[in-house]
**Student:** 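Provided herewith is a single structure, encoded as structure tokens, for subsequent inquiry.
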Amino acid sequence: MYDVHSKHAEDFINHEEILDTLAYAEANKHNAELIDLIIEKAKKRKGLSHREAAVLLDCDIEEKNQEIYKLAQQIKKDFYGNRIVMFAPLYLSNYCVNGCTYCPYHMKNKHIARKQLTQEEIKREVIALQDMGHKRLALEAGEDPVRNTMDYYLKSIETIYSIKHKNGAIRRVNINIAATTVDNYRLLKEAGIGTYILFQETYHKESYLELHPTGPKHDYDYHTEAMDRAMEGGIDDVGLGVLFGLDKYRYEFSGLLMHAEHLEAAFGVGPHTISVPRLKHADDIDPDAFDNGIDDDIFAKIIACIRIAVPYTGMIISTRENQACREKALKLGISQISGGSRTSVGGYSEPEPEDEKSEQFDVSDTRTLDEVVHWLMEMDYIPSFCTACYREGRTGDRFMALCKSGQIQNCCHPNALMTLEEYLMDYASPATKALGDKLIDKEILNVPNLKARGIVEENLRLIRENNRRDFRF
Ligand code: SAM
């Protein structure tokens, strides 16, 4: 039975409820009157239920679809301004005991090179990432309880935070690792992680069981209930996502929003982020072997509808997508992107030899971080290297409350400008620096409060004189 408050996967991701939702959306996809009502509700910027959002996703009236895109763009602007948060993935280990049929890390794949970074190697990777200008990482690893232990992760996090190379520092470590226990989530929280990210892959239980035929990840309920355990362990910033291409996108879309509704109902705080990865070609994996791939138009519609349905949730797109696709996605709702990414284990400090490839999937956006930053600024976005919120204790419901009241802008905009200036001074090419300085001069006028503007101007001056502190609001 569907029960948003229940902690059981089969209740809060209830198959019958999803089927009913899909039937309701299908029946109303031409219902202009209902669609208008839903759009009007969405304009209040308090979000939509999974049923309402499913109707918008299915909406088949061109004129209404244009309204949906316009509203998504407006909500994006209202909540996130023109800031785009930057991050990079860091692959720690590709040892894995699971049998996921879409992932090259699956245990039976014998031709991918298996690697686990030592603490010394992590240090080299982090220095390389700091030298690019990154301040925020997402740690990635396969599931191997013997090799990739919690102790290993905790030690790695400690190593990463401890490295201060030149003016560099990793100030926020997010982590995307297999579902684990409440006690382990508590340890991750104590180690100072930002967001715990775990993709559901698919909410469709039957498909899930087929796509994960062996290994601990086969347990659908344990995987689906992971965010509940993470919250119980004190992690209040969690990141959801599905891997689009595995099952039917309408089903996944409803499941994703029901998951968000469940977290909000059970813990008073929805997901901090939602990622929208699409299945990619990888060693031993042909995405064409999966029937449910989605084209760029549907992908854009999904992003717009998520933006409208959960306005307070950040949205992430990775370098799985190419420049053109990312450009469109940024307008419709994405607030966080990776740049200069490598999906191999140890790929930042030195290129991998041809016969030792360890990467997880092909990257479509192969530009350097500097090129991505330059490109964003050409489109009038402010690339932000800010990591202040969680270090200021603005996580979970405190973050959401500030977001909902609109006050978060007073921190985000100044922090974005100051961290961009740090990037420009320390890492940017001359062309990027020139473009960035112009952008900052223009954007400083958008710091709403005059006193705050004065502080930002003073801090920018100090950064330019290389008189550094950890400037943040
Ligand atoms: N091992 C962790 C777990 O059990 O969830 C996740 C880490 S894995 C490095 C990160 C994500 O990569 C997976 O959750 C999956 O969605 C995604 N992934 C796997 N194979 C992929 C492929 N062929 N194309 C695109 N993304 C893929």
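Model, not experiment: these values are computed from the prediction. Counting starts at 1 for both ligands and their atoms, following the listed order. Values below: every heavy atom of this structure, side chains too, minus hydrogens, waters and symmetry copies.
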**Student:** Record the part of Leu243 in heavy-atom contact with ligand 1 below 4.0 Å; permitted values are side chain, backbone, both and neither.
**Tutor:** side chain
**Student:** What I want to find out is whether Asp365 reaches Arg320 closely enough, with some N-O distance under 4.0 Å, to be called a salt bridge.
**Tutor:** no
**Student:** Identify the closest protein heavy atom to atom 8 (S) of ligand 1: which residue and atom is it, and at what distance?
**Tutor:** Gln360 NE2, 3.4 Å
**Student:** Who gets closest to atom 26 (N) of ligand 1 by heavy atom: Glu201, His223, Arg320?
**Tutor:** Arg320
**Student:** Do Glu261 and His50 have side-chain N/O donor and acceptor atoms under 3.5 Å apart?
**Tutor:** yes
**Student:** Quick check: Phe361 with His281 (ring centres under 6.0 Å apart)?
**Tutor:** no
**Student:** State the atoms of ligand 1, each with its element, that fall below the 4.0 Å cut-off from a heavy-atom position in Arg278.
**Tutor:** 25 (C)
**Student:** Which bit of Leu198 gets closer than 4.0 Å to ligand 1, counting heavy atoms only: side chain, backbone, both or neither?
**Tutor:** side chain
**Student:** Which bit of Glu140 gets closer than 4.0 Å to ligand 1, counting heavy atoms only: side chain, backbone, both or neither?
**Tutor:** side chain
**Student:** With heavy-atom distances below 4.0 Å as the criterion, list the atoms of ligand 1 near Tyr102.
**Tutor:** 19 (C), 20 (N), 21 (C), 22 (C), 23 (N)
**Student:** Does the distance from a Lys or Arg side-chain N to an Asp or Glu carboxylate O, for Lys115 and Glu352, drop under 4.0 Å?
**Tutor:** yes
**Student:** I'd like to know whether ligand 1 has Ala141 as a neighbour, heavy-atom separation below 4.0 Å.
**Tutor:** yes
**Student:** Report the relative orientation of the aromatic rings in His15 and His204; use parallel for angles under 30°, tilted for 30 to 60°, perpendicular for over 60°.
**Tutor:** perpendicular
**Student:** Looking at atom 11 (C) of ligand 1, what's its closest protein heavy atom, distance included?
**Tutor:** Phe199 CD1, 3.9 Å
**Student:** Does the pair Lys328/Asp296 count as a salt bridge with the N-to-O cut at 4.0 Å?
**Tutor:** no
**Student:** Once the angle between the rings of Phe290 and Tyr102 is folded into 0 to 90°, is it parallel (under 30°), tilted (30 to 60°) or perpendicular (over 60°)?
**Tutor:** perpendicular
**Student:** Can you tell me the protein heavy atom closest to atom 24 (N) of ligand 1 and the distance?
**Tutor:** Lys280 N, 2.9 Å
**Student:** Does Lys110 pair with Asp284 as a salt bridge, N-O distance under 4.0 Å?
**Tutor:** no
**Student:** So, regarding Asn98 and ligand 1 (criterion: nitrogen or oxygen to nitrogen or oxygen, under 3.5 Å), is there a contact or not?
**Tutor:** no
**Student:** For atom 4 (O) of ligand 1, find the nearest protein heavy atom and state the residue, atom name and distance (0.1 Å precision).
**Tutor:** Lys217 NZ, 3.3 Å
**Student:** With atoms numbered from 1 as shown, which atoms in ligand 1 lie under 4.0 angstrom from a non-hydrogen atom of Asn176?
**Tutor:** 6 (C), 7 (C), 10 (C)
**Student:** Using a strict threshold of under 4.0 Å (side-chain N to carboxylate O), is an ion pair present between Glu321 and Arg278?
**Tutor:** yes
**Student:** Are His272 and Phe399, when compared by the centres of their aromatic rings, separated by less than 6.0 Å?
**Tutor:** yes
**Student:** Select one of side chain, backbone, both or neither to describe which atoms of Cys100 lie under 4.0 Å from any atom of ligand 1, heavy atoms only.
**Tutor:** neither
**Student:** So which bit of Cys103 gets within less than 4.0 Å of ligand 1, heavy atoms only: side chain, backbone, both or neither?
**Tutor:** both
**Student:** Before signing off on this row, confirm whether Tyr105 and ligand 1 have an N or O atom pair separated by under 3.5 Å.
**Tutor:** no
